[in-house]
Structure formats: structure tokens, C-alpha cells
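For reference, the structure discussed in these notes is given below.
Sequence lines set the chain letters: A, B, ... in the order given, protein chains first and strands last, and positions in each chain run from 1. The basis for the numbers below is simple: all heavy atoms, side chains too, and nothing from hydrogens, waters or symmetry mates.
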Amino acid sequence: MTNENIVELKNITVTFDGEKILDRINLAIKDKEFVTLLGPSGCGKTTTLRVIAGFVSPTEGDILFDGKAVNHLPPHKRQVNTIFQRYALFPHLNVFENIAFGLRVKKVPEAEIKKQVTDMLKLVNLSGYEKRNIAKLSGGQQQRVAIARAIINRPKVLLLDEPLAALDLKLRKDMQVELKNIQKSLGITFIFVTHDQEEALSMSDTVVVMNEGVIQQIGTPQDIYNEPKNAFVADFIGESNILDGVMKEDFLTSFSGREFTCLDSGFARNERVDIVVRPEDVDIVPEKDAMLLGEVTSVTFLGVHYEIIVDIGGFKWMIQTTDEQKVGDKVGLYIEPDAIHVMKKSKYSGMYGDYSTFSDEIEHLSDLEEDEN
Amino acid sequence: MKHISRIYTALVMVFLYAPIAVMVVYSFNASRSTSVFGGFSLKWYAELLNDSSTIEALENTLVLAVLSSLVATVLGTLSAVGIFSMKKKWAKTAAMTVTNIPMMNPDIVTGISLMLLFVFVGQMVGSKNSLGFGTMLIAHITFNLPYVILSVLPKLRQTDHHLAEAAQDLGCTPFMAFFKVILPSIMPGVFSGLMMAFTLSLDDFVISYFTTGPDFQTLPIKIFSMTKRRVTPDMYALSTLIFLSVLLLLILSNVAQARSEKRREGAKA
Ligand SMILES: Nc1ncnc2c1ncn2[C@@H]1O[C@H](COP(=O)(O)OP(=O)(O)OP(=O)(O)O)[C@@H](O)[C@H]1O
Ligand SMILES: [Mg+2]
């Protein structure tokens with residue numbers, strides 16, 4: 001019972017050219033778990049996978065498989081398979097041979113190879129494509145070949161490095177469902193990398209949020225969304241208004257110039273804290289019932305709802321509402337106690353969650369930058 | 001304008017190929033004269049085949065070209081892989097410069113310096129006659145190496161470096177990964193390196209001249225020594241044969257290249 005963890009990272013630190021790329025990563029992954037590493041570009045997600053696969057040896061710390069340290073085990077001896085960020089299919093081999101590669105290395109008898117590859121092609125919906133040239137496949141089909149090539153080896157752990165990043169939205173949604181099904185039916189542990197928070201929340205059992213080589217939070221998708229540990233996590237996972245506040249006493253906090261009842265406790269008296277309020281949790285009410293009063297400074301129609309920016313005493317809130325508002329309108333806001341989430345101050349305090357510089361263009365630009373990487 | 005460029009092209013063709021055409025025609029000349037065409041005959045070809053020293057020189061040349069190009073290809077490919085995987089930039093640049101210098105160096109300098117080295121080492125081991133097939137083989141491998149390295153390196157750069165990792169991930173040792181995925185991917189470069197090494201070795205005269213001994217002659221050396229006397233038309237026949245072989249080799253390698261390019265093109269689409 002001591003070890004139900006199939007993979008464990010203990011204090012993993014990786015340094016390249018004197019620069020810390022990973023800083024004391026501690027992570028325990030259970031058998032058959034779907035774990036997602038989530039974080040912005042360059043935060044060390046790929047490096048973490050490469051440490052597990054054996055392509056990078058950590059400067060410090062231990063990697064354990066089934067409780068045994070494997071630091072010095074070369075990649076070809078590790079019980080994991082990887083789906084690489086750009087698939088890395090073998091261009092000189094056809095679909096069949098790509099998928100058969102791992103079995104051929106293991107010298108599996110020819111008849112067995114034929115049977116297993118045929119089954120695998122069926123599983124990933126590519127029956128009849130055996131003889132195809134890899135290059136003549138669409139992105140989605142290449143993706144499936146990459147999946148088949150990895151899982152035919154029945155790894156206990158599958159590492160997936162942004163496997164869906166190159167696909168268009170529709171295909172991506174379909175593949176998310178397919179991957180999840182494959183994971184469930186074969187009972188393989190998935191360690192999945194993405195910088196798309198929606199993908200992470202919808203697919204995973206456990207989400208690991210990383211930034212600058214440090215794990216910010218580990219938890220279920222609900223935990224991560226509802227109880228972010230710090231301003232970085234709150235901001236990276238969905239939209240949030242993050243305010244400077246004070247915890248007066250248990251269940252009572254103050255921000256934006258007034259006191260609110262909340263559900264959080266366990267802070268010191270008058271401890272300074274960060275307050276998170278999600279845009280969808282703010283209600284617009286008549287002024288007489290309002291907790292806060294503000295003025296609408298921008299309105300964006302997004303189909304399901306409007307996204308409006310409301311100025312309250314100089315701080316710009318983002319609020320999602322289905323009622324139409326006009327720029328310049330005075331509105332009253334109401335916040336339920338369970339909509340308020342209190343976080344300890346961190347080094348990210350004050351860096352995120354204020355929409356005063358908000359503009360769609362800037363969001364768009366930073367998205368483009370991410371895509372290039 | 002169009003006419004001018006056509007005429008120009010025609011002229012270039014004439015200048016390039018007229019000498020060869022004349023040589024081919026005279027190799028079939030029944031008479032010995034270089035001015036009169038005395039009728040069609042294959043007698044020079046027959047004479048050539050009966051001349052055992054020429055045949056031996058031809059054999060020597062081929063053996064040398066095959067051996068030296070094969071060895072140079074293996075060594076050159078390995079060096080290219082080594083240079084490519086160097087981590088430090090300055091080391092890489094240094095290695096490339098060292099590779100390039102022998103190519104820029106005039107053949108005569110390479111030839112003389114190699115000869116000196118061979119004679120020097122030969123004297124140290126106490127052998128009187130150190131120059132011969134062995135030294136010539138070493139010399140040919142030496143001057144072929146940079147060409148192989150230079151034709152393999154770009155292919156390595158084009159190869160997705162994740163391929164080797166993918167192979168290891170699927171259970172290959174690094175060594176197996178090289179043979180199973182890297183080598184197939186750089187094969188066109190290795191092949192063109194081999195071709196280049198083969199032809200260079202085939203027609204090298206200057207370096208061979210300095211590094212061979214009296215009992216090992218290659219065709220270029222033999223032809224040169226014969227021109228000191230009177231050139232006989234059987235040399236035309238020989239040169240014609242060599243020209244045709246090179247032509248054939250060129251066509252073959254072009255076809256191979258086109259094929260692999262087609263496959264690569266398919267790979268990108
Ligand atoms: N071999 C290397 N040598 C030096 N620095 C490296 C090396 N590999 C990665 N890095 C650096 O490590 C940092 C983390 O890289 P990593 O590839 O793990 O990021 P990532 O989270 O996977 O990003 P992305 O989402 O863009 O793939 C980056 O700053 C990168 O420049
Ligand atoms: Mg990455």
C-alpha cells in the first residue's frame with residue numbers, strides 16, 4: 001500500500017546553462033490517472049516530460065517508477081512512451097511500419113505484429129491506411145498514427161506533449177473525446193501537456209499548474225477553478241477579478257471599500273489577502289439592492305453573454321451578464337458569499353486580475369505569440 | 001534577344017562538347033592519323049583490350065576508387081554526425097574550418113605534403129619503398145573525406161532531431177536509432193557523397209602522382225606517362241570509355257536523386 005504511485009518526481013531541479021528551468025518539482029501520479037501539466041509557453045512542461053522519459057537528466061532530485069529510482073535508466077529501457085509535440089513520425093516508413101516500429105524492435109513474431117497493428121488501426125479509425133505514406137496524411141490522421149505507434153507498446157504511462165495543439169478547433173474537440181476514451185478503455189496513465197486551460201479542465205483527473213519552472217498548484221479541475229492558490233493560477237484558469245483585500249476575521253473580508261461575508265477562514269486577523277471573484281459570479285441588481293456601485297466603461301457581445309467592464313472606484317471589474325448594458329450606465333453589483341474566494345498573498349499579487357488595461361487586441365496578440373512557440 | 005541567347009547556348013555547347021565529340025569519332029578511326037578519318041573500325045578498342053598494362057591500370061583505378069570512396073563515406077558520415085552533435089559553437093566552427101581547408105588547398109600542395117609524410121613515416125619504420133597502393137589509398141580517402149562530410153551535414157540539419165528520440169522512446173538503443181531512422185533520412189546525402197568521392201578518386205592525377213610508387217599505376221598516371229611518348233588512338237578509345245562511364249554514373253545518380261526528391265516532396269505535402 002506504500003506505493004500506489006506509478007510515477008513520482010521528488011525535488012526535481014533542472015538547470016541549463018546556469019538557468020533553473022525546473023525548480024524543485026514534486027509530483028506523485030497514480031496508476032490510471034489522467035494528469036495534465038498546464039502552464040504558459042516556456043514554463044517547463046516539455047522539460048518535465050523529458051525528465052520522465054529520460055531525455056533530460058535532472059540536476060537534482062529523483063524520478064521514481066513504481067517506487068524505484070530510475071534516474072540512470074536510459075530512455076529505451078523506461079516503461080513509458082511519448083507522443084511528441086510535433087509527432088516525430090518516421091518519414092521513410094509507411095503507416096503500418098510506423099505503428100509496428102516498437103514491436104519490431106522487440107522482435108515480436110511477424111504474424112503477431114500484423115494482428116496487433118491491424119487492431120490498433122481499427123482503434124484509431126485508420127483501417128485501410130496501412131500502405132499510406134506518412135506525408136500524405138492530414139494533421140488529424142498523423143496524430144492518430146502517433147497515438148497508435150505509442151500505445152501499441154502497451155506502456156503503463158503515456159506522455160503526451162501538446163498532442164492537439166496543431167489541430168483545428170472541431171477536430172481538437174473530437175480528439176479530446178477520443179483520447180479520453182482510449183485512456184479509459186486501455187487503463188493507461190496519461191501525463192498530458194497543454195497550455196489550453198479549457199482542455200486541461202475538461203479532460204483531466206488532476207491538473208498541475210506550472211509557471212517559471214515551479215508548480216503553482218496541484219488539484220482536481222474543480223479545485224483549481226474554484227479554489228486557486230494564488231493570483232497566477234486564478235488568472236491563468238479563466239477570467240478573474242483579483243482585488244487587494246483584508247481578512248477582518250473568519251468569514252468576514254473587506255475589499256473595494258466595504259465588508260463582505262465569505263466562506264473562507266483560517267487567516268490571521270486583519271491579514272492582507274488577494275480576493276478572487278469570477279466574472280460570471282457577479283450579479284447585476286437595481287442600485288438599491290447593490291453591494292457595490294459602478295459605471296459601465298465597455299461592452300462586448302460574445303453570443304452567450306455580454307462581457308462588460310465596470311469601473312468601481314478606479315478598479316475595473318469584468319462581469320459576464322445576459323442583460324444588455326450600455327457604456328456609461330450606472331449599475332449595481334451583488335456578490336454571493338460563495339462567489340468570493342480568498343487567497344494568501346504571493347509574489348504574483350497585484351500582477352493580474354485588473355481589467356483597466358484590458359483590450360481584445362492585446363489578448364489576441366499574446367495568443368498569437370503562444371501559437372508560434 | 002531570344003535568338004542571341006539561343007546562339008550563345010549553342011556556342012557554349014559546341015565549345016564544351018566538340019572536343020569530346022572529336023575524340024569519340026577518332027576512337028573509331030581506322031587510320032592512325034589525327035587529320036584524316038580513314039573509315040570506321042573498332043581496332044583501337046581491340047588493341048586496348050589486348051594491352052594488359054592498360055587493363056591493369058584500369059583495374060587499379062577502379063579498386064582504388066571503390067575502396068577509397070567506401071571508406072571515405074563511412075568515415076565522413078561518422079564525422080558529420082560527430083560535428084553535427086557538437087554542443088559548443090566554437091568547436092563546431094573549428095571542425096568545419098579544418099574540414100574545409102583541404103578542399104581549398106591546391107592539389108599539388110596536398111600531394112607533396114602527403115608524399116613527404118609517407119616517406120618520412122616510411123623511413124621511421126625503416127621501409128625503403130613506402131609509396132604504393134597503401135599510401136595512395138590513404139591519400140584518396142583523405143581528399144575525399146571533406147566532400148562526404150559536406151554532403152551529409154545538410155541532410156542531418158534537415159532531419160527532425162526528435163526522430164532519434166522517438167526511436168529510443170520506442171525501445172531502440174541510441175546506436176539502433178541511428179541505423180533505423182537517422183541513416184535512412186540522411187541516405188541521399190551519403191549517396192551523393194559516395195558518388196562524388198568515387199568520381200574524384202577516379203580522375204585524380206596530381207595527388208596520385210605524388211603518392212604512388214613505381215609498381216602501382218592508375219589510369220590517369222598511365223595516360224600521362226604515355227603522352228610523353230606518342231599518343232596512340234587507343235587512348236582515345238580509353239578516354240571515350242571513361243567518358244561514357246562517367247556519363248552513365250551521372251545519369252544514374254540524377255535518377256536516384258530525382259526519385260528521393262519526389263519522395264521528400266510527397267513527405268512535405
Ligand atoms: N536543451 C535546452 N537548452 C537550454 N535551454 C532549454 C533547453 N530546452 C529547453 N530550454 C529552456 O527551458 C525553458 C522551458 O522549456 P520547455 O520546452 O520545457 O517549455 P514548455 O513549457 O514546454 O513550453 P511550450 O509550451 O512553448 O512548449 C525554456 O525557457 C527553454 O528556452
Ligand atoms: Mg513544450
Side-chain angles (χ1 to χ4, degrees), chain A residues 16-17 46 49-50 52-56 73-94 97-108 132-139 142 145-155 157-162, chain B residues 77 80-81 84-92 151-152 154-194 255-269:
Chain A
F16 282 135
D17 310 323
T46 298
L49 285 196
R50 290 169 63 79
I52 299 174
F55 295 117
V56 171
L73 208 61
H76 65 273
K77 291 197 178 139
R78 296 198 183 186
Q79 284 294 326
V80 299
N81 283 112
T82 309
I83 294 176
F84 289 83
Q85 202 157 359
R86 281 184 188 77
Y87 312 151
L89 297 175
F90 305 127
H92 63 289
L93 300 176
N94 63 20
E97 288 304 324
N98 261 278
I99 298 176
F101 194 91
L103 298 182
R104 288 216 192 283
V105 173
K106 286 192 211 105
K107 305 240 172 0
V108 174
R132 279 291 179 99
N133 186 331
I134 285 303
K136 301 238 165 78
L137 299 178
S138 72
Q142 291 189 4
V145 175
I147 293 170
R149 184 180 71 174
I151 62 182
I152 199 170
N153 304 290
R154 307 280 155 184
V157 180
L158 186 63
L159 311 177
L160 304 97
D161 196 352
E162 308 208 21
Chain B
T77 305
V81 171
F84 181 71
S85 53
M86 280 179 178
K87 291 255 157 54
K88 297 205 172 58
K89 200 155 188 262
W90 63 265
K92 217 176 212 175
S151 77
V152 172
K155 290 288 166 208
L156 279 171
R157 276 192 213 106
Q158 283 170 16
T159 304
D160 179 359
H161 65 275
H162 287 302
L163 289 186
E165 288 188 350
Q168 288 180 53
D169 190 76
L170 294 166
C172 287
T173 60
F175 193 71
M176 277 165 75
F178 175 78
F179 282 100
K180 281 189 157 253
V181 305
I182 302 299
L183 196 56
S185 145
I186 60 172
M187 212 52 205
V190 175
F191 184 72
S192 70
L194 178 73
V255 168
Q257 189 110 9
R259 257 200 215 151
S260 88
E261 221 133 79
K262 214 172 181 184
R263 213 174 309 139
R264 201 164 270 270
E265 211 107 283
K268 274 188 202 126

- Item | Rounded distance (nearest 0.5 Å) linking atom CZ of A:Arg104 with atom CG of B:Leu170 | 13.0 Å

- Query: Can you find a heavy atom in the side chain of A:Phe55 that is under 4.5 Å from one in the side chain of B:Gln168?
  - Reply: yes

- Query: In Å and rounded to the nearest 0.5 Å, what is the CZ to CG distance from A:Phe101 to B:Asp169?
  - Reply: 10.5 Å

- Query: So do the side chains of A:His76 and B:Met176 get within less than 4.5 Å of each other, counting heavy atoms only?
  - Reply: no

- Side chain, backbone, both or neither: which part of A:Leu159 has a heavy atom under 4.5 Å from chain B? neither

- Message: Run the salt bridge (Lys or Arg N to Asp or Glu O under 4.0 Å) test against A:Arg78 and tell me which residues pass, sequence neighbours left out.
- Response: none

- How about A:Lys77: does its NZ atom have over 12 heavy atoms from other parts shown lying under 6.0 Å from it? no

- Message: On a heavy-atom basis, which atom in A:Arg50 and which in B:Glu165 lie closest, and how many Å separate them?
- Response: NH1-OE1, 2.7 Å

- Relative to chain B, which segment of A:Asn81 carries a heavy atom at a distance below 4.5 Å: side chain, backbone, both, or neither? both

- Query: For A:Pro74, is it the side chain, the backbone, both or neither that has a heavy atom under 4.5 Å from a heavy atom of chain B?
  - Reply: neither

- chain A contact via B:Ala167 - which portion, at a heavy-atom distance below 4.5 Å: both

- Task: For B:Arg157, check salt bridge (Lys or Arg N to Asp or Glu O under 4.0 Å) against everything at least two apart and list the hits.
- Result: none

- Task: Taking all non-hydrogen atoms of both residues into account, name the closest pair between A:Ala88 and B:Leu163 and its distance.
- Result: O-CD2, 3.6 Å

- Item | chain A contact via B:Met187 - side chain, backbone, both or neither, heavy atoms under 4.5 Å | neither

